[in-house]
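Notes follow the structure.
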Amino acid sequence: MGQANTTRFSDVRFPQSGGCQCGAVRYELSAPPLGIWACHCSLCRKQSGSAFGLSMGVAIESLALTQGTPAIWTRDTDAGHRLDCLFCADCGSRLVHRRHRHEGMQTLKPGTLDDTSWVVPGRHFFAETALDWVKPLIQGTD
């Protein structure tokens with residue numbers, strides 16, 4: 001994702017807290033994200049149960065679990081990476097994705113933040129495969 005654009009998040013106070021739908025797993029994000037994006041690939045749509053998946057790149061050290069222990073499901077990606085998907089074993093909420101060779105970054109699912117008012121994707125990936133009704137909403141955003 002490159003350099004963090006912290007100016008974009010200058011009005012956001014950190015730490016930010018979040019967690020799963022049932023509250024069994026909680027976390028704290030201590031620093032601004034490295035980026036926020038929407039992915040329109042079929043795997044992200046299936047994972048989110050929606051028209052796209054939202055993701056927020058965060059530094060490994062900026063995200064701390066404060067309650068509970070997530071379960072982990074590991075899968076291979078189309079790009080050849082191994083990906084750990086952390087989720088609540090009680091309610092199934094997906095929380096974090098982390099590649100085995102993570103290079104210091106992991107992907108937080110930003111819909112799990114307590115305050116999502118500041119979450120706006122700066123990029124759209126696989127926009128060409130977006131659902132037809134979504135395409136007019138994302139044109140000109142990249």
Side-chain angles (χ1 to χ4, degrees), residues 1-131 133-135 137-142:
M1 289 303 308
Q3 285 293 97
N5 182 356
T6 55
T7 305
R8 182 173 172 203
F9 307 113
S10 60
D11 294 338
V12 182
R13 293 180 156 255
F14 290 90
Q16 289 279 317
S17 58
C20 67
Q21 193 170 3
C22 73
V25 180
R26 300 285 301 158
Y27 63 80
E28 188 171 270
L29 178 64
S30 62
L34 305 171
I36 302 173
W37 61 93
C39 182
H40 300 272
C41 78
S42 62
L43 287 176
C44 284
R45 287 199 305 261
K46 187 170 286 282
Q47 179 268 309
S48 70
S50 188
F52 51 86
L54 279 179
S55 295
M56 176 183 288
V58 299
I60 293 279
E61 65 274 5
S62 70
L63 188 67
L65 290 172
T66 58
Q67 177 180 304
T69 303
I72 299 174
W73 175 61
T74 302
R75 69 175 180 87
D76 294 322
T77 70
D78 289 341
H81 302 287
R82 297 278 296 158
L83 185 73
D84 287 339
C85 305
L86 285 66
F87 64 97
C88 174
D90 293 333
C91 69
S93 296
R94 195 75 68 96
L95 299 164
V96 176
H97 292 170
R98 184 182 310 134
R99 285 192 285 177
H100 285 198
R101 288 187 280 161
H102 55 71
E103 300 171 356
M105 187 185 91
Q106 58 191 341
T107 306
L108 177 67
K109 304 312 283 178
T112 63
L113 287 160
D114 294 339
D115 174 14
T116 58
S117 65
W118 58 277
V119 175
V120 178
R123 302 273 326 259
H124 288 264
F125 294 105
F126 298 101
E128 67 280 2
T129 65
L131 299 176
W133 65 267
V134 176
K135 287 179 183 178
L137 302 174
I138 62 174
Q139 288 185 355
T141 59
D142 278 342

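For the atom pair I72 CD1 and L95 CG, the distance stands at 11.0 Å (nearest 0.5 Å). To the nearest 0.5 Å, atom CD1 of residue I60 and atom CD of residue E103 are 10.5 Å apart. Considering CG of L131 and CG of L137, their distance stands at 11.0 Å, rounded to 0.5 Å. Between L86 atom CG and R94 atom CZ the span is 9.5 Å, to the nearest 0.5 Å.
The two residues A130 and H40 have their closest heavy-atom pair at CB-ND1, 3.6 Å. Of all non-hydrogen atoms in P110 and T116, the two that sit nearest each other are O-CG2, 3.4 Å.
Applying the ring-ring contact (aromatic ring centres under 6.0 Å, His included) test to every pair with at least one member in residues 95-120, sequence neighbours left out, gives these pairs: F9-W118, F14-W118. Applying the side-chain hydrogen bond (donor to acceptor under 3.5 Å, both in side chains) rule to pairs touching residues 53-73 yields S55-K109, sequence neighbours excluded. Annotation: salt bridge (charged side-chain N to carboxylate O under 4.0 Å, His left out) contacts involving residues 21-35, sequence neighbours excluded, comprise R26-D114.
Under the ring-ring contact (aromatic ring centres under 6.0 Å, His included) criterion, F126 pairs with no residue at all, not counting sequence neighbours. R45 meets the side-chain hydrogen bond (donor to acceptor under 3.5 Å, both in side chains) test with no other residue; sequence neighbours excluded. Looking at residues two or more places apart in sequence or on another chain, you find no side-chain hydrogen bond (donor to acceptor under 3.5 Å, both in side chains) involving S30. Residues satisfying the side-chain hydrogen bond (donor to acceptor under 3.5 Å, both in side chains) criterion with T112, sequence neighbours excluded, are Y27. Applying the side-chain hydrogen bond (donor to acceptor under 3.5 Å, both in side chains) rule to S42 yields no partners; only residues at least two apart in sequence or on another chain are considered. Applying the side-chain contact (heavy atoms from CB on, under 4.5 Å) rule to A71 yields the partners F87, A89; only residues at least two apart in sequence or on another chain are considered. The salt bridge (Lys or Arg N to Asp or Glu O under 4.0 Å) check on R82 picks up D76, with sequence neighbours excluded.
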